[in-house]
2 protein chains.
Amino acid sequence: MKITAQEEYGLRCLLQLAQANEEKGLTVKEIALGEGLSPAYVEKLLRLLGKGGLIHSVRGVKGGYLLNKSPQEISLGAVVRALGKIPTTREICDRFTGNRTSCIHIDNCCIRAAWETMTAAIHSFLDKTFLSDLVGGETKVRQALNHQTLPVLTRFPGNRGGGG
Amino acid sequence: MKITAQEEYGLRCLLQLAQANEEKGLTVKEIALGEGLSPAYVEKLLRLLGKGGLIHSVRGVKGGYLLNKSPQEISLGAVVRALGKIPTTREICDRFTGNRTSCIHIDNCCIRAAWETMTAAIHSFLDKTFLSDLVGGETKVRQALNHQTLPVLTRFPGNRGGGG
DNA sequence: TAGATACTTGACAAAAGAGTCATGTTTAGG
DNA sequence: CCTAAACATGACTCTTTTGTCAAGTATCTA
């Protein structure tokens, strides 16, 4: 379970745009410099974000990249889906089939229930958090996110004994 | 953000053991057959789980693999950490450094606050869920997990306007 | 209409992850 | 002590992910 490079760096590029002049946007070089990435790589990331409908570009001298919507309207969920996706439970079941054409547990899978609970919670968080929430200094952002965020994903307390 | 093959398949192997005779355990072949995986791959996964201290093996004819602890005592968190880990925020910062030796945002990173909130929630869930919770049929498991699990990871409601 | 700046794209190379294989070690049973 | 069953391990291959490169197209300025 890990965050991919595309998700991390793509989000960072987008956050640069969210903090830039709304009408001028930023050039690839500016973003690359601001993130410590190569321009070539930034281009690739921006292409993904463009395909995902989150940004557009203006060509030519004075060109650059701009957000399609305001930072308040771009959720982390949308960003992650454009950059790498968090697979749905269905996709997880289709992916982990072992040697077979479909997963051996397709009819009755206990792990599926666990992944579903977890990914639902992750999506719920990502879809409620917006680029604008991540602007303004780490301390402020942390406080905003931590209010009411924990405890989370608690279990039903009477179900510890296992068996079945 | 995705679940790795090692996590998925490793957990499945472990769940086989959790459902097996506690004293006899299972052979590699039995697990491989039960999961639709190749014996060679199952061996590799079991090696990881062994290194993580979750299982041990008995060699020779009549040998096999057994859990070190009862399913009630093995959390999904421990399983995931043995198989692939969910990186800590610190590890995320150390990994995504771009072209530089340390991340350009190391002193003040808004994304870090977001990942930290999210991974804390994931760990909280994984550490409260045990192998024994995933035994006994999907419907039962789903009901147990869904009680009190949602809504989760909510944001502080007054923080939508961005800026700062 | 040249020249500079900047976006666009497909193909490629390097690294990491997934999965296999060959070979070796241990043990039960004849 | 030989054989078969079962675990043990390092090296290897295949695939996916990361990141780079080269060769384009569009636009502004002069």
Side-chain angles (χ1 to χ4, degrees), chain A residues 1-13 17 20 24-33 35-52 55-68 80 83-85 87 91-92 95-100, chain B residues 1-13 17 20 24-33 35-52 55-68 80 83-85 87 91-92 95-100:
Chain A
M1 188 103 213
K2 56 170 81 166
I3 291 161
T4 67
Q6 275 183 11
E7 286 162 356
E8 169 74 21
Y9 290 134
L11 173 56
R12 276 161 60 169
C13 291
L17 291 177
K24 288 204 300 184
L26 293 172
T27 67
V28 168
K29 274 187 188 172
E30 287 169 329
I31 298 174
L33 205 62
E35 289 301 334
L37 300 173
S38 76
Y41 191 27
V42 169
E43 266 160 19
K44 184 172 192 170
L45 295 168
L46 293 175
R47 208 191 311 180
L48 283 170
L49 292 166
K51 277 189 185 172
I55 62 174
H56 67 277
S57 59
V58 174
R59 296 176 76 145
V61 187
K62 298 211 167 183
Y65 282 90
L66 301 94
L67 296 183
N68 284 349
V80 167
L83 290 166
K85 293 187 61 175
E91 287 163 338
I92 292 175
R95 176 176 171 208
F96 296 114
T97 61
N99 291 330
R100 304 160 57 94
Chain B
M1 187 105 214
K2 56 171 82 167
I3 291 160
T4 66
Q6 276 183 12
E7 286 161 357
E8 169 74 21
Y9 291 135
L11 173 55
R12 277 161 60 169
C13 292
L17 290 176
K24 287 203 301 184
L26 292 172
T27 67
V28 169
K29 275 188 190 172
E30 288 168 330
I31 297 174
L33 205 62
E35 289 301 334
L37 300 173
S38 76
Y41 191 27
V42 169
E43 265 161 19
K44 185 174 190 170
L45 294 168
L46 293 175
R47 208 192 310 179
L48 282 170
L49 293 166
K51 277 188 184 174
I55 62 175
H56 67 277
S57 58
V58 174
R59 295 178 78 146
V61 189
K62 298 210 168 185
Y65 282 90
L66 300 94
L67 295 183
N68 284 349
V80 167
L83 290 167
K85 293 187 61 174
E91 287 164 339
I92 292 176
R95 177 177 170 207
F96 296 115
T97 62
N99 291 330
R100 302 159 58 94

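A note on names: the letters A, B, ... follow the listed sequences, proteins ahead of strands, and every chain is numbered from 1.
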*Report which part of the nucleic acid Tyr9(A) touches: base, sugar-phosphate, or nothing (heavy-atom distance under 4.0 Å, all strands).*
sugar-phosphate
_Any N/O donor-acceptor pair, Arg59(B) side-chain to dT25(C) base, under 3.5 Å_ = yes
*asked:* Does dG19(C) have OP1 or OP2 under 4.0 Å away from a side-chain N or O of Ser38(B)?
replied: no
*asked:* Assuming nearest nucleotide by heavy-atom distance, tell me which of Val61(B) and Ala40(A) is located more 5' along DNA chain D.
replied: Val61(B)
*For the side chain of Arg47(A) and the base of dT8(C), is some donor closer than 3.5 Å to an acceptor across the two?*
no
*Provide, to the nearest angstrom, the distance between the NE2 atom belonging to His56(A) and the P atom belonging to dA26(D).*
17 Å
*Can you check whether Val42(B) reaches Glu35(B) side chain to side chain, under 4.5 Å on heavy atoms?*
no
_First of Ser57(B) and Lys2(B) reached from the 5' end of DNA chain D, by closest nucleotide_ = Ser57(B)
*Residue pair Val28(B) / Tyr65(B): nearest heavy atoms and the distance that separates them*: CG2-CE1, 3.5 Å
*asked:* How many whole angstroms separate atom CD of Gln6(A) from atom C1' of dA16(C)?
replied: 14 Å
_Atom pair CG/CG of Asn99(B) and Leu37(A) - distance to nearest 0.5 Å_ = 6.5 Å
*What is the distance, rounded to the nearest whole Å, between atom NZ of Lys24(B) and atom C1' of dA6(D)?*
15 Å
*asked:* Below the 4.0 Å mark, does dA8(D) have OP1 or OP2 next to a side-chain nitrogen or oxygen of Lys44(B)?
replied: no
_For atom CG of Leu46(B) and atom P of dA6(D), their distance in whole Å_ = 14 Å
*asked:* Using side-chain heavy atoms (C-beta onward) and a distance below 4.5 Å, is Leu83(A) in contact with Leu49(A)?
replied: yes
*Ala5(A) side chain: which of dT29(D), dT18(D), dT9(C) is closest?*
dT18(D)
*asked:* If I take atom OH in residue Tyr65(B) and atom P in nucleotide dT26(C), what distance separates them, rounded to the nearest angstrom?
replied: 14 Å
*Nearest whole angstrom, please: distance from the C1' of dA4(C) to the NZ of Lys29(A).*
10 Å
*asked:* Output the rounded distance in Å from CG (Leu26(B)) to C1' (dC7(D)).
replied: 14 Å
_Closest-nucleotide 5' rank along DNA chain C - winner of Glu43(B) and Lys62(B)_ = Glu43(B)
*Spatial distance of atom CD1 (Ile92(A)) from atom CD1 (Ile3(B)) [nearest 0.5 Å]*: 3.5 Å
*Please report, rounded to the nearest Å, how far the P atom of dC7(D) is from the CG atom of Leu45(B).*
14 Å
*Counting just side-chain N and O atoms, does Tyr41(A) come under 4.0 Å of either OP1 or OP2 of dA13(C)?*
no
